[in-house]
Amino acid sequence: MDYGLMYDKIQNELQTTNTTLVAVSKTKPNEAIMNLYAQGQRIFGENRVQELVEKCEALPKDIEWHLIGHLQTNKVKYIAPFVQMIHSVDSLKLLKEINKQAAKNERTIDCLLQMHIADEMTKFGMNESEVIDLLNSTEFKNMQNIRIAGVMGMATFTDDKSQVRNEFRQLTSIFNQLKRDFFADDVAFREISMGMSGDYQIAVEEGSTMVRIGSLLFGTRT
Ligand SMILES: *Cc1c(COP(=O)(O)O)cnc(C)c1O
């Protein structure tokens with residue numbers, strides 16, 4: 001398969017809806033990233049801190065790195081100097097640490113609130129009452145070095161397309177509710193990160209502004 005052609009095809013599809021592509025390069029070598037870079041891609045997503053740090057050091061400085069996987073509090077310090085967006089914020093404790101490490105680096109880090117929408121116990125994310133508690137907390141209100149840019153979620157891994165669609169719809173509805181109740185005047189709160197290789201078209205139909213695509217662009221992971 002020619003992944004270069006696949007990249008063009010996906011970018012063309014996404015352009016009509018102004019959807020941002022995060023190319024998920026986890027486990028893939030730097031050469032694979034540079035192939036897409038040569039075609040113009042600048043936003044790449046990784047799910048492991050160490051791999052992200054190594055790739056950032058080795059690759060061009062105008063790449064925007066997104067952390068998309070679960071993040072342990074004690075590892076925030078390694079990515080705080082350069083990470084552009086963290087998609088996987090699932091607790092106040094983690095957000096506090098991101099804010100602290102961002103301040104140390106004199107930066108503001110964009111964060112997405114990861115919501116649990118899947119019908120699976122294994123996937124990370126907050127429920128609606130947890131996210132509301134977080135946003136109402138005094139600690140959150142005092143944070144100066146993070147910017148909440150929206151929400152993120154992963155649908156259940158299933159062939160049932162209507163279930164996937166319902167879960168994405170649920171995430172869009174949570175986004176709208178949070179926008180209304182907490183971020184009405186905040187233009188930074190605008191992203192709905194949802195959709196992967198197997199379900200990104202449904203996600204876009206349901207309001208995704210940012211899709212995270214790996215295997216369709218780079219081949220399946222071994
Ligand atoms: C791996 C991963 C993706 C991309 O998955 P593909 O099915 O390869 O497109 C997207 N989001 C997260 C959080 C991931 O860990």
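Order of listing sets the numbers, starting from 1, for every ligand and every atom in it.
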In the protein, which heavy atom is nearest to [atom], and how far is it?
atom: atom 15 (O) of ligand 1; result: Lys26 NZ, 2.7 Å
atom: atom 9 (O) of ligand 1; result: Ser197 OG, 2.5 Å
atom: atom 5 (O) of ligand 1; result: Met196 CE, 3.5 Å
atom: atom 13 (C) of ligand 1; result: Ile68 O, 3.5 Å

>> Counting only heavy atoms not in Lys100 (residues, nucleotides, ligands), do more than 12 fall under 6.0 Å from its NZ?
In response: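 No, because the 6.0 Å sphere around NZ of Lys100 holds 12 heavy atoms or fewer from other groups.
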> At the 4.0 Å heavy-atom cut-off, does Ile213 count as touching ligand 1?
Replying inline: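 Flag set, Ile213 near ligand 1.
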> Mind checking whether Phe183 and Phe189 have parallel, tilted or perpendicular rings, split at 30° and 60°?
Replying inline: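 Answer is parallel, since the angle falls under 30°.
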> If you round to the nearest 0.5 Å, how far is CD of Gln11 from NZ of Lys9?
Replying inline: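 The distance works out to 12.0 Å.
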> So how far is it from Cys56 SG to Lys61 NZ, rounded to the nearest 0.5 Å?
Replying inline: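 So the SG of Cys56 and the NZ of Lys61 are separated by 5.0 Å.
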> Going by distance only, is there an N or O of Val24 that falls short of 3.5 Å from an N or O of ligand 1?
Replying inline: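 By distance alone, the answer is no.
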>> Counting only nitrogen or oxygen atoms and a 3.5 angstrom limit, does Arg221 reach ligand 1?
In response: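 In this structure, Arg221 places an N or O atom under 3.5 Å from an N or O of ligand 1.
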> Are Val24 and Met196 in one and the same hydrophobic cluster, where Ile, Leu, Val, Met, Phe, Trp and Tyr link if side-chain heavy atoms are under 4.5 Å apart?
Replying inline: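 No, it is not one cluster - the side chains of Val24 and Met196 are not joined through contacts under 4.5 Å.
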>> Among Gly219, Ser215, Ser25, which one puts a heavy atom closest to atom 8 (O) of ligand 1?
In response: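 Heavy atom nearest to atom 8 (O) of ligand 1 belongs to Ser215.
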> Hey, looking at atom 4 (C) of ligand 1, which of Glu46, Met154, Arg212 has the closest heavy atom?
Replying inline: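 Minimum heavy-atom distance to atom 4 (C) of ligand 1 goes to Arg212.
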> Does Arg169 pair with Glu206 as a salt bridge, N-O distance under 4.0 Å?
Replying inline: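 Glu206 and Arg169: salt-bridged.
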> Will you find, in the side chains of Gln201 and Glu13, an N or O donor that is under 3.5 Å from an N or O acceptor?
Replying inline: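 Yes, side-chain donor-acceptor contact under 3.5 Å.
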